[in-house]
Visitor: 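Pasting a structure below so you can have a look.
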Amino acid sequence: MYQAPRGTADILPEDQRYWSYVASVTAAAAQTSGYSRIDTPLFEDTGLFTRTVGEETDIVSKEMYSFKDRGGQEVTLRPEGTAAVCRAYLEHGLHNQAQPVRLYYLASMFRYDRPQAGRYRQFHQFGAEAIGDAAAAVDLEMIQLAMSMLARLGLGGMTLVLNNIGDAADRPAYIEALREHFRPHLAHLGPDDRRRFESNPLRLLDSKELARETFVGDAPKSTDYLGAEAQAHWEELVGYLDALGVPYRLDHKLVRGLDYYTRTVFEVHPDEGGAQSAVCAGGRYDGLIEQLGGAPTPGIGFAAGIERIIANLRSQAVEVPDVRPSPAVIAYTGAAAKTAAVRLATELRDGGTAAIVAPERSLKAQMRYASSIGAPTVLILGEAELAKGVVTVRDMATAKQREVRRADVGTAVAGP
RNA sequence: GUGGGCGUGGUCGAGGGGUUAAGACGCCAGGUUGUGGCCCUGGAGAUCGAGGGUUCGAUUCCCUCCGCUCACCCCA
């Protein structure tokens with residue numbers, strides 16, 4: 001027997017309601033903030049990701065679904081959305097439109113990870129990007145979009161975590177300061193953390209092994225190493241958040257895994273959550289467009305994990321409407337009635353009324369079938385009805401039924 | 001890639017080295033003459049993840065592999 005590939009999942013009819021709910025609510029939230037939908041290809045040139053996300057990041061170095069197509073092109077199933085949106089922004093000259101350009105997407109992403117709770121190899125993200133405006137007000141807008149989207153979904157207990165990792169120019173001094181700070185403790189570090197010390201000292205800040213160590217809490221803060229402009233930008237953003245009463249938690253240990261982030265970085269976590277719990281994460285990427293060959297252009301965005309959002313909808317028991325159809329069922333007895341049943345079903349569908357013909361069983365079994373699929377009404381066609389030119393219309397909720405002339409069935413079923 | 005837990009019919013889930021492997025849900029059919037949801041009865045459906053080993057005999061013990069799952073790395 002075949003199984004779905006590791007880390008992938010089938011979305012069965014009974015679960016579809018969560019997906020359509022999330023799709024419609026997130027789209028409405030995005031549009032309320034002025035964001036337009038964009039869709040980009042499922043795969044891209046591999047170089048798009050290696051150059052933007054970062055060669056040394058785990059995403060690029062070990063998690064990409066890359067392959068060579070029949071023409072010899074190196075392509076990769078997209079592991080994240082921002083790079084592709086920026087590519088499209090440049091490719092279609094969106095920098096010639098009024099800036100900033102506000103875009104959102106809802107799409108599958110692919111990462112070759114070991115699956116665990118809240119993490120899949122094929123997963124889905126809602127993402128929003130605002131490209132072409134460096135103003136702190138846009139940072140605020142992006143954060144508000146993330147938070148309002150979660151609120152619209154009916155999710156509570158979400159905490160915004162915020163930090164500022166400075167501009168690319170600020171980074172070297174900060175990294176050096178971190179190394180200085182951790183160097184005396186090198187002897188106490190495990191192999192993973194020694195590796196971090198060398199490759200990416202920022203990662204030491206969110207190391208789980210070191211989470212209890214006081215010398216991590218005492219580590220230098222990136223916000224103390226901001227250049228003048230980044231500092232002003234940061235103070236403006238925090239000022240907005242405070243003025244508007246947006247609750248947030250400043251976390252100097254929040255660093256993000258992708259190379260392109262600058263200045264503002266943020267995540268949203270449920271207060272109750274397991275290991276892989278962030279539902280939203282994002283930040284500013286002021287160097288990315290330029291890195292892709294465009295003019296220096298600021299940008300900011302975030303992505304939300306749909307599977308994680310749905311997990312929270314379930315755990316918080318948020319009411320989500322069922323989207324499965326509930327067609328009228330046409331029951332019949334006798335061979336002659338079958339043709340009449342098929343004809344009636346056709347007419348109803350042509351008139352826009354959902355209708356199906358019951359499976360060929362006893363009337364009792366047809367009724368049971370109609371009941372179990374949640375049919376609101378059953379239309380019964382038997383010898384008696386055929387002879388009289390009527391259809392028996394049974395309301396399944398009230399168990400009341402009446403005879404309706406054949407010609408009037410369409411309006412009787414469709415009407416309230 | 002590393003480590004822990006698990007792997008019995010569609011689903012959940014007992015059991016146990018030896019005649020026909022419980023039960024529940026679901027599915028199908030009946031409970032008289034053309035009618036659902038409750039109830040009752042019956043039925044179909046499992047080579048007990050795969051391969052190998054120990055044994056007179058294994059689904060039950062051992063090994064390997066595969067899969068699921070949780071955690072690490074990392075991340076939505």
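Proteins get letters first, then strands, A, B, ... in listed order; numbering begins at 1 in each. Atoms considered below: every heavy atom in the structure, side chains included; atoms not considered: hydrogens, waters and symmetry mates.
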Visitor: Students often get this wrong, so: under 4.0 angstrom with heavy atoms, is A:A278 touching a base, only sugar-phosphate, or nothing?
Guide: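 Contact class for A:A278: sugar-phosphate only.
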Visitor: Distance check, P atoms only: B:rC73 and B:rC62, in whole angstrom units.
Guide: 32 Å
Visitor: B:rC75 base to A:R308 side chain: any donor-acceptor pair below 3.5 Å?
Guide: yes
Visitor: Treat primed atoms plus P, OP1 and OP2 as sugar-phosphate and everything else as base, then score nucleotides 1-7 of chain B 5' to 3': B for base contact with protein heavy atoms under 4.0 Å, S for sugar-phosphate contact only, - for none.
Guide: BBB----
Visitor: For RNA chain B, whose closest nucleotide is more 5', that of A:A117 or that of A:A365?
Guide: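 Counting from the 5' end, the first nearest nucleotide belongs to A:A365.
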Visitor: By the 4.0 Å heavy-atom rule, please label A:G334 as base, sugar-phosphate, or nothing.
Guide: nothing
Visitor: Roughly how many Å apart are B:rG36 and B:rC28, using the P atom of each and rounding to a whole number?
Guide: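 Looking at atom P only, B:rC28 and B:rG36 are 15 Å apart.
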Visitor: Say you pick atom C1' in B:rC56 and the same atom in B:rG13; how far apart are they, in whole Å?
Guide: 33 Å
Visitor: Using a 4.0 Å heavy-atom cut-off, does A:E385 contact any base of the nucleic acid, only the sugar-phosphate backbone, or nothing at all?
Guide: base
Visitor: Checking A:E403 now: which residues fulfil side chain to side chain donor-acceptor pair (under 3.5 Å) with it, not counting sequence neighbours?
Guide: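 By the side chain to side chain donor-acceptor pair (under 3.5 Å) rule, A:E403 matches A:K388.
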Visitor: Are A:R314 and A:Y18 in a cation-pi setup, meaning NZ or CZ lies under 6.0 angstrom from the ring centre and within 45 degrees of the ring axis?
Guide: yes
Visitor: What N/O pairs connect the protein and nucleotides 36-44 of chain B at under 3.5 Å? Give each pair on its own line.
Guide:
| unit_1 | atom_1 | unit_2 | atom_2 | d |
| --- | --- | --- | --- | --- |
| B:rG36 | O2' | A:S371 | OG | 3.3 |
| B:rG36 | N7 | A:R394 | NH2 | 2.6 |
| B:rG36 | O6 | A:R394 | NH2 | 3.0 |
| B:rG36 | O6 | A:M396 | O | 3.4 |
| B:rG36 | N1 | A:M396 | O | 2.4 |
| B:rG36 | N2 | A:M396 | O | 3.1 |
| B:rG36 | N3 | A:S371 | OG | 3.4 |

Visitor: Considering only the P atoms, how many Å lie between B:rA21 and B:rA58, rounded to the nearest integer?
Guide: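 Those two atoms are separated by 16 Å.
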Visitor: Whether A:R203 contacts B:rC73 is assessed here as follows: a side-chain N or O lying under 4.0 Å from the phosphate OP1 or OP2. Is that the case?
Guide: no
Visitor: Separation of A:R256 atom CZ from B:rC74 atom P, in whole Å?
Guide: 13 Å
Visitor: Give one of base, sugar-phosphate or nothing for A:F126, where a contact means two heavy atoms less than 4.0 Å apart.
Guide: nothing
Visitor: Could you please name the option among B:rC68, B:rC75, B:rA29 that lies closest to any side-chain atom of A:Q3?
Guide: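 The answer is B:rC68, which lies nearest to the side chain.
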Visitor: Does any donor atom in the side chain of A:D408 or A:T411 lie under 3.5 Å from an acceptor atom in the other side chain?
Guide: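 There is no such pair (donor and acceptor under 3.5 Å, judged by atom type) between the side chains of A:D408 and A:T411.
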Visitor: Rounded to the nearest Å, what distance is computed from the CZ atom of residue A:R196 to the P atom of nucleotide B:rC72?
Guide: 11 Å
Visitor: Can you check whether any acceptor in the base of B:rC73 is under 3.5 Å from a donor in the side chain of A:K62, or vice versa?
Guide: yes
Visitor: Any salt bridge between A:E347 and A:R406, counting N to O under 4.0 Å?
Guide: yes
Visitor: Please state how far atom CG in A:D193 lies from atom P in B:rC73, giving the value in whole angstrom units.
Guide: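 Those two atoms, CG and P, are 9 Å apart.
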Visitor: Show me the pairs that pass side-chain hydrogen bond (donor to acceptor under 3.5 Å, both in side chains) and involve residues 137-147 of chain A, at least two apart or across chains.
Guide: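 Applying side-chain hydrogen bond (donor to acceptor under 3.5 Å, both in side chains) to every pair that reaches into residues 137-147 of chain A, excluding sequence neighbours, yields A:Y35-A:E141, A:R102-A:E141, A:D139-A:H233, A:D139-A:T264, A:D139-A:R284.
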Visitor: What's the closest nucleotide to the A:Q116 side chain, out of B:rC72, B:rA76, B:rC74?
Guide: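 Of the options given, the side chain of A:Q116 lies nearest B:rC72.
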Visitor: Identify whether any heavy atom of A:V279 sits under 4.0 Å from a base atom; if not, whether one sits that close to sugar-phosphate; answer base, sugar-phosphate or nothing.
Guide: sugar-phosphate
Visitor: What does the 5'-to-3' dot-bracket notation of RNA chain B look like when only Watson-Crick and G-U wobble pairs under 3.5 Å count, and pairs to other strands show as |?
Guide: (((((((..(((.....[....))).(((((.......))))).....(((((..]....))))))))))))....
Visitor: Check whether any side-chain N or O of A:R308 sits under 3.5 Å from a backbone N or O of A:A278 as a donor-acceptor pair, and report yes or no.
Guide: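 Yes, A:R308 side chain to A:A278 backbone: donor-acceptor pair under 3.5 Å.
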Visitor: Answer yes or no: side-chain N or O of A:Q401 and base N or O of B:rU35 forming a donor-acceptor pair under 3.5 Å.
Guide: yes
Visitor: For B:rG37 versus B:rC12, give the span between their C1' atoms, rounded off to a whole number of Å.
Guide: 23 Å
Visitor: Does a side-chain N-to-carboxylate-O contact under 4.0 Å join A:D193 and A:R196?
Guide: yes
Visitor: Looking across every strand, which nucleic acid part, if any, lies under 4.0 Å from A:E63 by heavy atom: base, sugar-phosphate, or nothing?
Guide: sugar-phosphate
Visitor: Between A:T392 and A:E385, does any side-chain donor sit less than 3.5 Å from a side-chain acceptor?
Guide: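 Short answer, yes.
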Visitor: Whole Å only: how far is the CZ atom of A:R78 from the C1' atom of B:rC75?
Guide: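 In whole Å, B:rC75 C1' lies 18 Å from A:R78 CZ.
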Visitor: Would you say that A:M147 contacts A:C280 through its side chain, given a criterion of any heavy-atom pair below 4.5 Å between the two side chains?
Guide: no
Visitor: Work out how far the P atom of B:rC66 is from that of B:rG51, and round it to whole angstrom.
Guide: 15 Å
Visitor: Expressed in angstrom and rounded to an integer, what is the separation of A:D58 atom CG from B:rC72 atom P?
Guide: 14 Å
Visitor: Between A:E129 and A:Y89, do the side chains contain a donor N or O and an acceptor N or O under 3.5 Å apart?
Guide: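 Absent: no donor and acceptor within the cut-off.
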Visitor: Taking atom P in both B:rA29 and B:rG15, what distance in whole Å separates the two?
Guide: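 Those two atoms are separated by 34 Å.
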Visitor: Between A:Y112 and A:R121, is there a cation-pi geometry (under 6.0 Å to ring centre, at most 45° from the normal)?
Guide: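 Judged by the rule, A:R121 and A:Y112 form a cation-pi pair.
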Visitor: Starting from the 5' end of RNA chain B, give me the residue, A:G118 or A:G7, whose nearest nucleotide shows up first.
Guide: A:G7
Visitor: Mind checking if A:R361 touches a base, just sugar-phosphate, or nothing, with heavy atoms under 4.0 Å?
Guide: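 Answer is sugar-phosphate: A:R361 comes under 4.0 Å of backbone atoms only.
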Visitor: Going by side-chain hydrogen bond (donor to acceptor under 3.5 Å, both in side chains), name the pairs with one or both residues in residues 352-372 of chain A, residues two or more places apart or in two chains.
Guide: A:K338-A:E360
Visitor: Whole angstroms only, please: what is the CZ-P distance between A:R121 and B:rU69?
Guide: 11 Å
Visitor: Is a donor from one side chain sitting under 3.5 angstrom from an acceptor on the other, for A:D271 and A:T159?
Guide: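 On atom types as modelled, these side chains qualify, holding a pair under 3.5 Å.
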Visitor: Between B:rC28 atom C1' and A:I373 atom CD1, what is the distance in whole Å?
Guide: 17 Å
Visitor: Determine the Euclidean distance between corresponding P atoms of B:rG4 and B:rU11; express it in Å to zero decimal places.
Guide: 28 Å
Visitor: Assess the side chains of A:H124 and A:S108: does a donor N or O sit below 3.5 Å from an acceptor N or O?
Guide: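 A donor-acceptor contact under 3.5 Å links the two side chains.
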Visitor: Quick one: A:M158 CE to B:rA76 P, roughly how many Å, whole number?
Guide: 16 Å
